[in-house]
Number of protein chains: 2
Amino acid sequence: MQQPNPVLSALGDAGKRLTIARRAVAEAITEQAGHFTAEDVLAASRLRRRAVARATVFRSLDLLVDLGLVERVDLPSGDHAYVACEPDAHHHHVVCSACGRSVEVGELGLRPILERIESSTGFAIDSHRLELFGLCPECRATAASKRSA
Amino acid sequence: MQQPNPVLSALGDAGKRLTIARRAVAEAITEQAGHFTAEDVLAASRLRRRAVARATVFRSLDLLVDLGLVERVDLPSGDHAYVACEPDAHHHHVVCSACGRSVEVGELGLRPILERIESSTGFAIDSHRLELFGLCPECRATAASKRSA
DNA sequence: CGCTAGATGAGACTGAATCGCAACTAGACG
DNA sequence: CGTCTAGTTGCGATTCAGTCTCATCTAGCG
Ligand SMILES: [Zn+2]
Ligand SMILES: [Zn+2]
Ligand SMILES: [Zn+2]
Ligand SMILES: [Zn+2]
């Protein structure tokens, strides 16, 4: 059961060392259901045989962000969180405001809107962030059953 | 020249006190070209006859955010900034990545995209944030002339 | 003018994130 | 296998945005 963690193999492909610390961070991340904070990763690593230093957690997360394996999200609360995601494809995240689960979505027709904005403002838009928040199907069901009780 | 600062009159309408500190913050904000940080406001207030305490700057900004006169933006750099904006209308901001200037844009057809996302993910989306970054017309012109030189 | 709820200032405090540097190690090479 | 070295890490000190507490102050209303 040498299940190769996708995060680890991507690290390898990028010519980065596969250190103990990075393995621990990678594992901590892949076991997160939705978004997570640096602190979550730190806490998860402490539950393992070898704890990772705080600074290293941040360094690893930065690295993973550079590689596009993880993305930063700013929650409406103002907290900084991360989401694991597919590299190499521009996309956005829909985050459940109850449980934190997140799924990726593509552009789905945003392009024409961007063009409209460019022509109406005169800006040359070169990047954008779309963050969507709401209830995931599960939490929606839970909320509905609670309401009917 | 009793030019009533729009921020101040909105504060009055909301039944909030028009204190010296709030005037100073309001002035500091209206003289900002684009986005600004809490620290910017603090610095600006220090240049005036009466400096405003750090805590008060944050309290005032929070208040203005509640009133919808100012909005928080998370810059790609990760910094937290604010943008002055029109209250009472859902809109988004296009921010110049060179000079920080920002303009507001409406939905411009985002609604159908949200619906598409809802049906494809099963999420019930109740809020979203769209932040656009690029070069404003002026900075674009500057960049172009520099390039041709 | 005097009262009081609401607002402020000052500075201690918190906790996330960064830094500097000596010690460590992954992986290449022979 | 050993050796070597650039890339990593741990640790502790540090920074820095943002929050909190509480005594003092004041805007706005009689
Ligand atoms: Zn959920
Ligand atoms: Zn997009
Ligand atoms: Zn500009
Ligand atoms: Zn919108």
Side-chain angles (χ1 to χ4, degrees), chain A residues 4-5 7-28 35-46 48-67 70-82, chain B residues 4-5 7-29 35-46 48-67 69-82:
Chain A
N5 184 313
V7 177
L8 288 181
S9 39
L11 271 177
D13 293 352
K16 301 293 174 180
R17 285 197 193 166
L18 295 185
T19 64
I20 311 261
R22 286 181 184 160
R23 281 172 211 279
V25 171
E27 282 167 27
H35 57 156
F36 54 87
T37 64
E39 225 56 36
D40 290 338
V41 176
L42 187 55
S45 92
R46 284 206 244 264
R48 308 181 157 277
R49 69 183 76 163
R50 179 89 123 88
V52 178
R54 173 185 299 277
T56 303
V57 168
F58 282 97
R59 286 187 282 233
S60 306
L61 285 173
D62 285 351
L63 177 59
L64 296 181
V65 168
D66 284 349
L67 297 181
V70 144
E71 217 163 87
R72 257 185 102 129
V73 213
D74 293 292
L75 304 182
S77 70
D79 291 344
H80 292 165
Y82 297 84
Chain B
N5 185 312
V7 177
L8 288 182
S9 40
L11 272 176
D13 293 353
K16 301 294 175 178
R17 286 197 192 168
L18 294 185
T19 65
I20 309 262
R22 285 182 184 157
R23 281 173 211 278
V25 171
E27 283 167 27
I29 287 175
H35 56 156
F36 54 88
T37 64
E39 225 57 32
D40 291 338
V41 175
L42 187 54
S45 92
R46 284 205 246 262
R48 310 183 156 274
R49 68 182 79 164
R50 179 89 123 89
V52 178
R54 172 184 300 276
T56 304
V57 168
F58 281 97
R59 286 187 284 234
S60 307
L61 286 173
D62 284 351
L63 177 59
L64 296 181
V65 168
D66 284 349
L67 297 181
L69 294 163
V70 143
E71 215 163 90
R72 257 183 101 130
V73 212
D74 294 293
L75 304 182
S77 70
D79 291 345
H80 291 164
Y82 297 84

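Side chains included, hydrogens not; waters and symmetry mates left out as well; all remaining heavy atoms used. In what follows, chains are A, B, ... by sequence order, proteins preceding strands, each numbered from 1.
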**Request:** Assign each of B/I20 and A/V52 to its nearest nucleotide of DNA chain D by heavy atoms, then name whichever residue's nucleotide is nearer the 5' end.
**Result:**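 Going by which nucleotide is closer to the 5' end, it is A/V52.
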Could you state the [atom1]-[atom2] distance from [X] to [N], rounded to the nearest angstrom?
X     : N      : atom1 : atom2 : result
B/L11 : C/dG6  : CG    : P     : 16 Å
A/L8  : D/dT8  : CG    : C1'   : 15 Å
B/R22 : D/dT26 : CZ    : P     : 15 Å
A/K16 : D/dG7  : NZ    : P     : 9 Å
B/D66 : C/dA7  : CG    : P     : 12 Å
B/D79 : C/dA16 : CG    : P     : 18 Å
A/H80 : C/dA17 : NE2   : P     : 7 Å
A/D40 : C/dG15 : CG    : P     : 16 Å

**Message:** Base, sugar-phosphate or nothing for B/R23? Non-hydrogen atoms, less than 4.0 Å.
**Reply:**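 No contact.
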**Request:** Classify the nucleic acid contact of A/A24 as base, sugar-phosphate or nothing, counting any heavy atom under 4.0 Å across all strands shown.
**Result:**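 Nothing, no heavy atom under 4.0 Å.
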**Request:** Begin with the C-alpha distance, continue with both residues' side-chain angles, and end with the deciding distance and a verdict on side chain to side chain contact (heavy atoms under 4.5 Å, CB included) for A/D74 and A/H80.
**Result:** CA-CA 5 Å; A/D74 293 292; A/H80 292 165; 2.8 Å; yes
**Asked** Looking at B/R50, B/R22, B/R48, which hits salt bridge (charged side-chain N to carboxylate O under 4.0 Å, His left out) with B/E27?
**Response**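 By the salt bridge (charged side-chain N to carboxylate O under 4.0 Å, His left out) criterion, B/E27 pairs with just one of B/R50, B/R22, B/R48: B/R48.
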**Request:** Rounding to 10 degrees, work out the angle separating the end axes of the helix from C/dC1-D/dG30 to C/dG30-D/dC1 (five pairs an end).
**Result:**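 The end-segment axes of the helix from C/dC1-D/dG30 to C/dG30-D/dC1 are tilted 30° relative to each other.
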**Request:** List the steps and the verdict of side chain to side chain contact (heavy atoms under 4.5 Å, CB included) for A/E39 and A/L42.
**Result:** CA-CA 5 Å; A/E39 225 56 36; A/L42 187 55; 3.5 Å; yes
**Request:** Report yes or no: is there a donor-acceptor pair, N or O only, under 3.5 Å between the side chain of A/R17 and the base of C/dG27?
**Result:**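 In this structure, the two groups form no donor-acceptor pair.
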Rounded distance (nearest 0.5 Å) linking atom [atom1] of [X] with atom [atom2] of [Y]:
X     : Y     : atom1 : atom2 : result
B/S60 : B/L69 : OG    : CG    : 12.0 Å
A/D62 : A/D66 : CG    : CG    : 7.0 Å
B/R72 : B/L61 : CZ    : CG    : 9.5 Å
A/L11 : A/T19 : CG    : OG1   : 8.5 Å
B/L8  : B/D13 : CG    : CG    : 11.0 Å

**Prompt:** Closest to the B/T19 side chain: D/dA17, D/dT8, C/dT8?
**Reply:**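 So the nucleotide nearest the side chain must be C/dT8.
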**Message:** Please list, in numerical order, the residues of residues 54-62 of chain A that have a heavy atom closer than 4.0 Å to any atom of DNA chain C.
**Reply:**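 Those residues are A/R54, A/A55, A/F58, A/R59.
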**Request:** Report the residue from B/L67, B/V70, B/L64 that forms a side-chain contact (heavy atoms from CB on, under 4.5 Å) with B/V7.
**Result:**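 Of B/L67, B/V70, B/L64, side-chain contact (heavy atoms from CB on, under 4.5 Å) with B/V7 is met by B/L64 alone.
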